[in-house]
Amino acid sequence: MPVRVLLEGAGPGAKIPSHLSRVPISLISISSDYTNKTVKGKVVHKGPLVSLADNFILKTVIQEEDSQPSALPQNPSINVVLLGALAKDFSQAVNQGDVVEASGFTVGKSPTVHKDKLHPCNLLLSGDDACVYVSRLPPPPDPRSPPAIKRSSVLSAEVSRTTKAQKYTYVKLGDLKAGSIVNVYGVVVFFKQPFKSRGTDFCSSLKIIDQSNQKIGCTIFCEKLDDHPKIFQIGDIVRMHRVKTQFFNDSITLVNTFGFSVVAFDGAVGGAMEPRTSSRSFHFDQEDRRTVEELRSWAASQAVLPPVPAISLSAVQPKAYFDLTCQLLAKAPIDTTCTLLRVWDGTRCSHTLLKVIVEPNVTEGPSSFSTERENLIANILVYDNHVEFARQLKPGAFLRIYNLRAIAGSSKVPGLTSSQSEEVDHLAFHLHGGTAYGRGIRVLPENSTEVQELKRVLDAVPEDDDNLSKLNDSALLEVWSTPPESLDGETVECSTERSCGHDIQPTTLSELKRSDPGRAHHVRVQLRSYEPRRLHQSLKLYCSKCRSMQDVPDDELLAGLFSEASRDSGPYSPPPWALSGRVDVPGDSPGSPNRALSVHLSTQLMSEGKTRELIFLMGSTLEETCRLTSGYQNIVPVRSSGGHLALVDLSAPFLFRGRKRYYGCRRCSEAAVREPCAEGVELIDEKVIAEALGVQLLQFVLLMKLELQDATDTLDVFLWRDAETFFSVSAEDVAANQEAQNSIRQAVDFLCPPGGSAGERPWLDVCLTAYRAEDDDGGQNQTCYQICHTTITKPPFARSDPEPA
DNA sequence: GCTTAGGGTTTG
């Protein structure tokens with residue numbers, strides 16, 4: 001068994017072999033030998049198990065665990081690619097949050113280092129030597145925790161749970177009876193972050209609802225914060241195991257009981273199914289996935305959910321209560337009941353922010369910032385019970401602060417010296433004492449979508465010394481933010497243009513929703529939001545034959561496939577039409593040696609002198625293949641299989657042409673290595689080669705879901721068939737070059753500025769078609785909308801190219 | 001040892 005689960009106290013044999021010694025992730029490098037070495041880390045990302053024709057591959061990211069909690073904002077993380085049975089076992093046995101130790105790995109260069117900024121190397125685990133150990137250790141000793149006997153009982157409960165593979169049943173909230181122990185699912189409509197109770201535990205308070213429309217209050221007592229529900233916002237979905245029902249004030253409430261566990265999920269329809277849990281093992285199958293999806297779509301269609309009060313600093317108005325997602329830059333104690341948190345979210349508040357003077361030398365983090373930066377920093381005063389929590393926060397942490405109050409110009413702010421005049425109408429922020437209204441602070445995990453989104457906004461803020469582009473203001477904004485005065489009015493300048501030629505009057509979204517499908521419509525709208533937020537995920541591979549759509553594999557996965565393909569090169573006989581030889585691949589750095597790889601060429605092409613037009617290349621790494629594209633127009637990677645030449649698995653590109661890579665459909669291709677017919681063919685391109693190889697060529701497409709908005713309603717529409725027209729970019733270019741990717745990012749940021757309010761979003765003239773489509777469950781027909789014949793005409797601000805002063 | 005809290009008409 002390549003994945004071994006180690007449990008403390010499980011006896012000999014459940015130990016990592018003593019001849020192995022551990023290497024810190026930070027010290028991993030290409031040149032060293034890692035025989036008898038291990039790498040240990042916490043699984044911070046676990047990718048899906050990808051099944052290939054005769055293999056499995058899985059990508060994960062592990063992070064070095066520091067013995068001191070939260071010493072650094074980020075410990076070193078490294079990509080790990082697992083292949084074969086190991087990938088399958090890992091997928092089943094290991095959960096995000098587990099600590100794993102790997103041995104028998106090889107070290108390669110990480111092809112995604114520029115994108116993910118993780119370790120420059122990756123680990124490849126494949127073959128018999130590779131092994132992953134999963135540590136299921138009890139929690140670190142805690143002075144307040146009960147003696148070991150309790151821990152061991154918790155641990156044995158854990159073991160029996162994992163071995164039994166229990167099937168859980170869930171009770172609908174409308175069917176709860178007092179005096180039983182149940183498992184439930186629900187959508188969160190109210191929550192309080194865990195707070196210290198008067199007893200021994202922290203207490204979380206939730207209210208959840210489900211399709212039975214019954215709202216149920218839940219109280220969770222746990223000593224460890226990590227065992228509490230990880231709720232980030234209203235609409236999140238929780239699954240709780242082993243809660244007891246009891247009557248209080250004439251209604252049923254839920255309280256956790258022995259063996260309690262909870263998993264939380266983002267509530268967004270179509271969002272990631274990333275479980276938030278501290279459980280070391282938990283059951284989650286297709287049925288659970290469906291339950292979460294059903295709750296998501298049910299909640300989305302109901303008006304039961306209170307609005308999420310999350311806004312950015314740019315949208316804050318005096319006296320408002322709101323939730324803020326932000327990064328902590330610095331903090332300073334004010335007095336025993338009050339602490340100052342200095343935070344930002346990358347957006348500029350439209351009101352001047354109050355400055356708070358603190359005593360010198362008490363600030364943790366930078367004590368001052370540039371004037372420009374100061375204008376983006378909100379000063380938050382947290383009081384009473386929150387002071388204790390704030391003390392544990394480290395500058396750099398990403399936070400969500402709930403029920404913040406914006407207060408204009410109070411001269412009574414503690415720490416404001418008497419010599420400082422009252423600053424009228426300057427906004428300060430208060431987190432009042434107590435937990436009413438869910439007041440509290442939560443540290444958001446680095447890998448959460450919330451933090452990813454925030455980082456994107458923060459990254460877009462110009463550097464400190466920049467003489468800040470003044471493009472972002474008045475004159476332009478006024479043009480963009482003027483709402484349409486009438487639907488046919490010419491008063492609004494729009495940032496898109498229709499090219500459909502339909503002679504129809506613009507309609508409102510609410511009218512459009514009432515009309516029958518099968519027609520085209522013109523609307524004037526703003527872009528309220530879009531998915532996927534990570535734009536590279538909008539690039540897909542589409543098969544025009546079977547109409548399937550799939551994600552584009554990332555380089556980490558591809559590198560693993562190439563590495564795997566080069567591993568098992570048994571003897572083979574090249575096809576009769578091929579001329580075989582060797583090609584020198586230069587080393588990747590000046591000192592490193594060249595490698596000679598086997599290549600096969602078409603005799604016919606050779607005879608025509610076309611030696612550089614097409615090679616079949618064996619045993620290359622992904623990187624080497626890419627490097628050779630400068631010398632050969634078409635490179636088809638091949639391997640030996642069953643004594644013959646075969647294509648590498650169709651999960652990998654079957655063809656490299658310059659920076660472009662071409663994929664084939666695994667379902668519709670009957671691939672074999674054959675000689676292309678080059679007679680009378682001007683240009684040997686992907687189509688010629690795909691045809692020769694029996695490959696059904698996949699097409700790069702862009703697929704996004706946009707939420708449009710006008711004064712009457714909002715509407716989810718797809719941008720797919722005409723996505724290239726919309727962005728004036730080809731999907732193939734997006735797949736191959738960064739500039740095309742950037743142009744989409746700029747366009748989207750222009751249509752929907754990060755952190756921007758509705759007033760900052762330009763108006764768009766859009767042509768939509770409405771059509772009936774079967775939904776995923778196969779039964780119900782639903783009306784879908786697609787943007788067509790529409791092009792963005794206004795170029796985004798050239799932020800990187802400010803006007804000379 | 002088997003409590004703790006049980007939202008909410010919002011302080012500084």
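Just so it is clear: chains get the letters A, B, ... in the order the sequence lines come, proteins before strands, and each one is counted from 1.
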Student: Looking across every strand, which nucleic acid part, if any, lies under 4.0 Å from A/Arg405 by heavy atom: base, sugar-phosphate, or nothing?
Tutor: nothing
Student: Pick base, sugar-phosphate or nothing for A/Gly433, based on heavy-atom distances below 4.0 Å to the nucleic acid.
Tutor: base
Student: Kindly write out the residues that satisfy salt bridge (charged side-chain N to carboxylate O under 4.0 Å, His left out) with A/Asp236, not counting sequence neighbours, or none if the list is empty.
Tutor: A/Arg276
Student: Can you list everything that forms a salt bridge (charged side-chain N to carboxylate O under 4.0 Å, His left out) with A/Arg239? Sequence neighbours excluded, please.
Tutor: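 For A/Arg239, the residues satisfying salt bridge (charged side-chain N to carboxylate O under 4.0 Å, His left out) (neighbours in sequence not counted) are A/Asp288.
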Student: I need the CG-C1' distance between A/Asn403 and B/dT10, as an integer number of Å.
Tutor: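 The distance from CG of A/Asn403 to C1' of B/dT10 comes to 7 Å, rounded to the nearest Å.
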Student: Quick one: ring pair (Phe, Tyr, Trp, His ring centres under 6.0 Å) partners of A/His241, sequence neighbours excluded?
Tutor: A/Tyr168, A/Tyr170
Student: Show me the pairs that pass ring-ring contact (aromatic ring centres under 6.0 Å, His included) and involve residues 288-339 of chain A, at least two apart or across chains.
Tutor: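 Pairs touching residues 288-339 of chain A that pass the test: A/Phe322-A/Phe429.
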Student: Please confirm whether the ring centroid of A/Phe260 lies under 6.0 Å from the ring centroid of A/Phe221.
Tutor: no
Student: What string of B, S and - do you get for nucleotides 2-8 of chain B, 5' to 3', if B is base contact, S is sugar-phosphate-only contact and - is no contact with any protein heavy atom under 4.0 Å?
Tutor: -BBBBBS
Student: Using a heavy-atom cut-off of under 4.0 Å over every strand shown, decide if A/Tyr321 touches base, sugar-phosphate, or nothing.
Tutor: base
Student: Got a sec, which residues hit salt bridge (charged side-chain N to carboxylate O under 4.0 Å, His left out) with A/Glu453, two or more places apart in sequence or on another chain?
Tutor: A/Arg456, A/Arg533
Student: Separation of A/Phe429 atom CZ from B/dG12 atom P, in whole Å?
Tutor: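 Value for this atom pair: 15 Å.
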Student: Base of B/dG12, side chain of A/His430 - is there a donor-acceptor contact under 3.5 Å?
Tutor: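 No pair found.
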